[in-house]
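Below is one structure, written out as structure tokens; the observations come after it.
We count ligands from 1, going down the list as the structure has it; atoms in each ligand are counted the same way.
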Amino acid sequence: MSLPFRDLRIGQGLDIHPLAKGRRCVLGGVEFPEASHGPAGHSDGDVLLHAVMDALLGACGKADIGHLFPSSGADSARWKNADSRGMLAQVVTMLHSDDWSVWNVDCTLLAEIPRIAPRIDHMKESLSALLKVPVERVGIKATTAERLGCIGREEGILATCVALIVKT
Ligand SMILES: [Zn+2]
């Protein structure tokens, strides 16, 4: 059987950030203005976009986001408080320049706070635009840690992503 693609690859990404009181909360490129806590980090801390970037980079065999957008060392100042949407746009451009396209992504957010469900559709639209894929190929789920461990104590937020990329 011949596939309608020259090549296809799968990648997975995982990221975790501490939650800090009063910190701006942006997830999947979408603001949560009512959130009391936000993901702390060198960039804007968008844990969901970071997991998506690592899934895409892993799928095409490139170094992870820590290498591309370092949070320490000589090049790190460029990425201080950086908008992760711009970082993801760079990753997508890198993929396209190697003839890869994103086929679909499926993500899970694990957090007690903020309440994610009301903004899932908005986050899917945001990711769809950034990845240049139809919104029906973007999966985002949210679940809690059932009060277990550091996520359960509202100390952090975790995101995973699985991505399929194709060469046509
Ligand atoms: Zn991160």
Under a 4.0 Å N-O cut-off, is there an ion pair linking [X] with [Y]?
| X | Y | answer |
| --- | --- | --- |
| Lys62 | Asp98 | yes |
| Glu125 | Arg119 | no |
| Asp7 | Arg9 | yes |
| Glu34 | Arg115 | no |

Does any donor atom in the side chain of Ser84 or His50 lie under 3.5 Å from an acceptor atom in the other side chain?
->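 Checked: Ser84/His50 side chains pair up, N/O donor to acceptor below 3.5 Å.
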
Can you see which heavy atom on Phe69 is nearest to which on Met53, and at what distance?
->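 Closest approach of Phe69 to Met53, heavy atoms only: CE1-SD, 3.9 Å.
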
Distance below 2.8 Å from the Zn ion (ligand 1): protein N/O/S atoms =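 Listed by chain and number, the atoms are Asp15 OD2, His17 NE2, His50 ND1.
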
